Amino acid sequence: MDLVASLTNSNHNDEYKQLIAEKQNVFEGISEIDNTEYEIKLRPGAIEQFVQSVLSYSSKYNSISSILYAPENLIGKPSKYPMYGDFPDTYLLRSYGKWWKESEAAQPEYMPHDVDPIPSEDFVTVRFEYAVFPKDVFIYETYHPGAVVRIWGRKYGNPWNLLWKGPPQTCPVASRKYSPPIRQIKELINELRIEFNQSHLRYHTSLDAILLTGFRPKSLLQMTILQKGLLDTFVKESCERREQLQCFNDDGVDLFCNLPFEVMVHIFQYLDLKSLCRCAQVNKKWYFVSLDPALYRAISLKKYWHKVDNKIIQDFMNKCKNVKKLDLSWCSNEKQIKEVVFVQFLEQCCKNITHLSLDCCSFINTIVLGEIGKCNDLTDLRLRNCKRSVKDFGPLAQLHKLTALDLCSSCITDEQLINILKANTNLKHLIIDFCDYLETLDQVAETVSMFNPYLVTWSSWKTLSFTSEGIGHLARCSYLRELDLGWCLILNEPANCIEKISLGCKDLRRLIISGWRGVNDHLLLPLIRSCKQLTQLDLLGIKNISSDICERILASLPKLTLLDISFCDLIKTEQVLIWREQYPNVVIQH
Amino acid sequence: MFRRQYRELIGLDVDGVDSMVVRAEVEVVKDRELVRDRVTRVKASGSGSSGVAEACAKPCFTIVDGVADGVGGWRAYGIDPGEFSLHLMQTCERLVGIGRFTPSNPSELLARSYYELLQHKKAILGSSTACVVVLNKENCMLYTANIGDSGFMVVRHGKVIHKSEEQQHYFNTPFQLSLPPPGYQANVLSDQPDSAITNNFPVEDGDVILVATDGVFDNLPQSLLIKELCKVQGERCASRLQTVANSIAWMARNLSFDETFISPFAESAFANGINTIGGKPDDITVILATVAI
């Protein structure tokens, strides 16, 4: 209002200009504004809003039901910013650095020639109360910032728009309010999807809040005016493109077509999916070559999650004959793919499929699992983050060649898992993190020790029903190299299970026993004596371990590269600094 | 016994770390129509639906108050006794804030909060009594859950409508939620969150609700307490509530140091065959609220 008033009065013209300049400065300078002030002045008509609800996510530190370190902590105003640290009331991502990718159980790349230069490793989707024309997005990062690589926006029900994309950032050790320059789209949005790449970070990253600012149209007229500008520019763009295409088509003879069909197919094998689709549009011959099923033995659509729907899958159905590896992770977070279509695809094109990954796919249900159970050749199955309503994993027991099984965050029950384990005696990697329906893990471990002698990886992070005796069973798996038992024995006595494991699994490379409050120096001694191959050791949150034992760990484990002793109260920071200098090859988290 | 030692030690803890000392912080939340006086650790409001999304969309229909009193004996074991109770209540507050609770089931809230403590990266150890009351404005019901000797009292026109029962294993040893240090499990009393006494009853406009630690109930005779609470029957002015809350806390504090006074604690001790006289210096926390519908 005061803007209008000053406009009409020419005497105040300078004042008005100044005011405008000020307001603009506020916007341009927002990223540098000192950290303590997070009240942002806005132009008239603009609103700012914090997250109203969290819709989905791919990674979480704590168990499903817990609110500590949970994505729900993004809701509302920042609670910790501008403080910096590892706070339980912020959203903490589970993985960081290269450690998870270096695990033997990590999913291999299905299409090594179609890898994103800046791959997104995790995502979180949030909703805001009002749909706005976005102006700025502020991300409040309170611990190890710098992992945000993409920001998507949309109005519920519409396709996603990429608002910003950039490489992960190297940041100083301080909290920050990150506001990358987002694309000014003339579309209303009320949902944001933030994607992360934590591979360069030294430790877990955590987010406190997300602020979306923008213009909220007050009337339909205002809205149409704001959008119309966009339509014009769009028309122009497509015209330009068409002109370019025409120029291209005028160009003479296609020498490439003289190559034999097989040679062309061979060359095409090195192309990523996007290029293949482009090639298909060149001419008839290229089109037929691009349809060759040999090009679609391994498909990974995770990178293209925002484009994938029923039609795309049906399209692939025409090209694919014999898919061996299929990754549809993230592609159907909101049922973009119907289960009928997927089942049909699986039946027609994936008879001999060996690798299947369906992270965050909402179409998974009993029917789909039944169909997956019929894929006899499956060796690598990853069903991370499937819906909590899926309870019947029974059909998976029909598989018998599995070597890797990832059921992270699923509701599988003991009986179903035991049946799967009994049927797949060659199993090497088992990931059952966050599976809170497993009530007798001791029995599961006993089954593993009897039926799966070749087990290399056992990961049961944040499961609740283990006892010391049950963990002891794992000692019979002598090939075991990676053991993630984080938070499995919070208050229970560890008794002699560490000793048993140390003696039984001499080849152990990675051991995670974070949150085992009952561990003390004495219990760790057998580990130091026997497991000389150990490279990673996570002792986070163990109150009773002393500097002495850490000293011995560092001195007597020559291959150690990672030691996490955060929240170990008895170990002093000064001591850690000395160790860091003394053992430069070991990353010590404290 | 192990437990008795704590309670003896607690006598030294007046205004200690494990007490949220009487703080004169007032919050008047007009749209929630409840004038409250805060002298303690938790107060939060939410709609109480289990879904996170609805919690913010709907107006707030419930108001939650609670106190937790840490067991001071843990200091001898190098454990800050205030940490457990503080985190317990903070977690309650956050659970309510994001709507992860059922208004009609405050004991579930306590249980959830307790299990969350286990999952902290930082090892939180200690033990605590706890009392949570939830006012549901939709049906004018008060839902309560109580473990141990902290408690609540509802007064209407000078009459006690409801008072919490103390839960004790034996004299001066209340029920308590606890996370003992590893190796001590066998020696320490630990009650499950589901052992909380729960209750629900209707309240009326103007009712006075007092939630306090045992430091109040052990030192102030009920008659005196009722006299004070009568002063704020139907009171909607926050500062007057504050005054009364302050005076209750001060009276309790002064009486606790009075060595000749026959306090409710001394009476109870006498009934248990222990000859003692005087008040019981302890942590004092008072939350006072009136129902305004």
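Naming: A, B, ... by sequence-line order, numbering from 1 per chain. The shown structure was predicted, so the numbers you read here are calculated from the model rather than taken from an experiment.
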Nearest-0.5 Å distance that lies between atom CG in A/Asn62 and atom CD in B/Glu116: 7.0 Å
Neighbour count above 12 (heavy atom, 6.0 Å) for A/Glu469 CD: no
CA sep, side-chain torsions, deciding dist, call: B/Leu125, A/Lys543, side chain to side chain contact (heavy atoms under 4.5 Å, CB included): CA-CA 10 Å; B/Leu125 305 172; A/Lys543 216 180 159 92; 3.6 Å; yes
Neighbour count >12 (heavy atoms, 6.0 Å) for atom NE2, A/His522: no
Crowding at CZ, A/Arg388 (>12 non-hydrogen neighbours, <6.0 Å): yes
Spatial distance of atom CZ (A/Arg517) from atom CD1 (B/Ile124) [nearest 0.5 Å]: 7.5 Å
Engaged part of A/Asn520 at the chain B interface, taking heavy atoms whose separation is under 4.5 Å: neither
Working for side chain to side chain contact (heavy atoms under 4.5 Å, CB included), residues B/Lys121 and A/Phe87: CA-CA 9 Å; B/Lys121 281 190 189 178; A/Phe87 304 115; over 6 Å; no
Between SG on residue A/Cys568 and NZ on residue B/Lys122, distance to nearest 0.5 Å: 11.5 Å
Shortest non-hydrogen separation from A/Gly541 to B/Ala123 and the atoms involved: O-CB, 4.3 Å
Best-contacting candidate, A/Asn73, A/Val519, A/Ile542, against chain B by heavy atom pairs under 4.5 angstrom: A/Asn73
CA sep, side-chain torsions, deciding dist, call: B/Arg94, A/Leu68, side chain to side chain contact (heavy atoms under 4.5 Å, CB included): CA-CA 10 Å; B/Arg94 290 183 49 218; A/Leu68 303 175; 3.7 Å; yes
Heavy-atom closest contact (B/Leu118 atom, A/Ile490 atom, distance): O-CG2, 3.7 Å
Structural part of A/Leu489 lying under 4.5 Å from a heavy atom of chain B: neither
Spatial distance of atom CD (B/Gln119) from atom OG (A/Ser63) [nearest 0.5 Å]: 3.5 Å
